[in-house]
Amino acid sequence: MSGHDHGDDGVSRRKVLECMTWAGTGVLWTITGGVPRSLGIIDSAEAATAAAPGMTFLQISDSHVGFDKPANPNALGTLEEAVNKINAMPVKPSFMIHTGDITHLSKASEFDNADRIISQSKLDVHYVPGEHDFLDEEVKFYRERYGRGTKGAGWYSFDAGGVHFVGLVNVVDLKGGGLGNLGAEQLAWLEDDLRGKSKSTPIVLFAHIPLWTVYPEWGWGTEDGGRALEYVKGFGSVTVLNGHIHQVMQKVEGNVTFHTARSTAFPQPAPGTAASPGPMKVEDAKLRSMLGVASINFKQNEQRLAIIDTPLQG
Amino acid sequence: MKTLNRRDFGVAVAAAILIPVTTARADDSNMEVHIDNFVFQPPELKIKVGTTITWTNRDDIPHTVVSAGKFRSKTLDTDDKFTFTFTNAGDYKYFCSLHPHMTGMIKVE
Ligand SMILES: [Cu+2]
């Protein structure tokens with residue numbers, strides 16, 4: 001199926017249904033004035049073409065290197081498949097972000113293996129940690145590798161292609177009964193970081209656990225995420241990217257687009273559809289359709305954002 | 001993994017049946033909490049001072065057992081155990097520091 005534009009006058013019901021049928025193949029979204037429009041279903045080659053000539057970056061998440069249970073006995077192997085997929089893209093993305101859980105048990109060997117595979121993409125990678133990356137007693141492996149130049153537990157910001165990116169850490173100091181946590185120090189830093197930025201600057205916040213409340217019963221949300229979102233309220237285009245829940249989920253609220261990427265390791269159930277959020281065992285033939293990467297494109301001066309989720313296998 | 005757990009459980013049950021009642025009573029000072037599907041089971045236990053509790057993680061995802069200022073396990077991978085002996089009376093609220101919605105309670109009297 002080739003890419004098709006739904007036109008400026010809205011999306012016809014027929015085409016929406018068409019897109020939903022093919023949702024597993026990858027959907028290209030554009031955001032115009034805060035309203036998402038599906039441009040249709042495309043494979044990664046068409047996506048890259050459709051996305052050009054804006055700035056494109058990739059999101060990869062939840063690699064869980066070291067995981068070897070039945071849901072995916074070879075998480076390192078599927079990470080390598082994802083990297084191969086990235087290397088085969090016709091247009092090289094500007095860089096990559098990794099939204100955490102690089103490793104499963106924070107072992108030095110797991111970080112080594114993850115590095116070895118991810119570096120094959122030859123892309124700059126900007127990381128934020130997941131809770132699985134902070135399991136070593138002294139919490140030093142992640143910070144020694146990826147924490148240089150970051151504040152606190154590893155938060156930082158940078159600018160690329162006219163977009164202001166902020167990497168946040170919401171996996172430390174988690175309180176009993178609660179959700180993800182940013183903490184007062186990080187929130188104060190964020191407020192300060194955004195101060196003075198022009199409201200027309202597109203903002204991308206990325207963190208491991210969703211900043212929005214997806215499903216509190218499973219801890220899928222961030223206690224003080226709302227505070228962070230208040231600080232970006234006045235900006236014209238805000239994108240919030242996360243991992244942690246191992247499935248594509250998207251919502252738009254005003255000028256804020258929330259998007260969750262797939263894992264490269266194993267799927268997790270949709271909220272409330274299983275006894276727990278633990279790894280979901282699916283038929284071997286189906287696994288790769290539930291793992292994948294996301295690429296995000298900005299068209300400057302148009303405030304258009306396109307997010308393309310590409311599974312490892314359609 | 002599930003199969004293995006079930007087999008372990010079978011062995012445990014068989015062993016328990018073979019232990020004479022007197023020994024079983026002495027075993028009251030040792031109790032178990034299992035982690036299954038992101039839940040501490042049982043979620044609340046009432047025990048006597050001197051009781052030792054062993055937590056076993058039966059999930060495919062690591063968990064921890066943490067009671068602020070009281071005890072803190074290392075990260076428990078699948079089938080890993082953590083043991084703590086309660087020498088003081090009181091209520092011990094605990095949780096998993098990786099999945100803080102997982103909570104449990106030990107009441108020691
Ligand atoms: Cu846990």
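Reminder, nothing fancy here: chain letters follow the sequence lines and each chain counts from 1.
Only the side chain of A:E137 comes within less than 4.5 Å of a heavy atom in chain B; its backbone stays farther off. If you measure heavy-atom distances from A:L174 to chain B, the contacts under 4.5 Å come from both the backbone and the side chain. When heavy atoms are compared at a cutoff of 4.5 Å, A:F67 approaches chain B solely by way of its side chain, counted from C-beta outward. With a threshold of 4.5 angstrom between heavy atoms, A:H104 approaches chain B through its backbone and through its side chain. For A:I209, no part lies under 4.5 angstrom from a heavy atom of chain B. With a 4.5 angstrom heavy-atom cutoff, B:S97 touches chain A only via backbone atoms.
Ranked by heavy-atom pairs under 4.5 Å with chain B, the first of A:P279, A:P277, A:G180, A:G278 is A:P277. Chain A forms more heavy-atom pairs under 4.5 Å with one residue of B:V66, B:L98, B:V39 than with any other, namely B:L98.
In B:E32, the CD atom is crowded: over 12 heavy atoms of neighbouring residues, nucleotides or ligands sit closer than 6.0 Å. Annotation for A:R227: atom CZ does not count as buried by contact number, only 12 or fewer foreign heavy atoms lying within 6.0 Å. For A:K251, the NZ atom sits in a packed shell: over 12 heavy atoms of surrounding residues, nucleotides or ligands are nearer than 6.0 Å.
A donor-acceptor pair shorter than 3.5 Å cannot be found between the side chains of B:S73 and B:T64. In the model, A:T260 has no side-chain atom that pairs as donor or acceptor with a side-chain atom of A:Q247 under 3.5 Å. In summary, the side chains of A:Y156 and A:W189 do not present any donor paired with an acceptor at a separation below 3.5 Å, with no hydrogens or angles considered.
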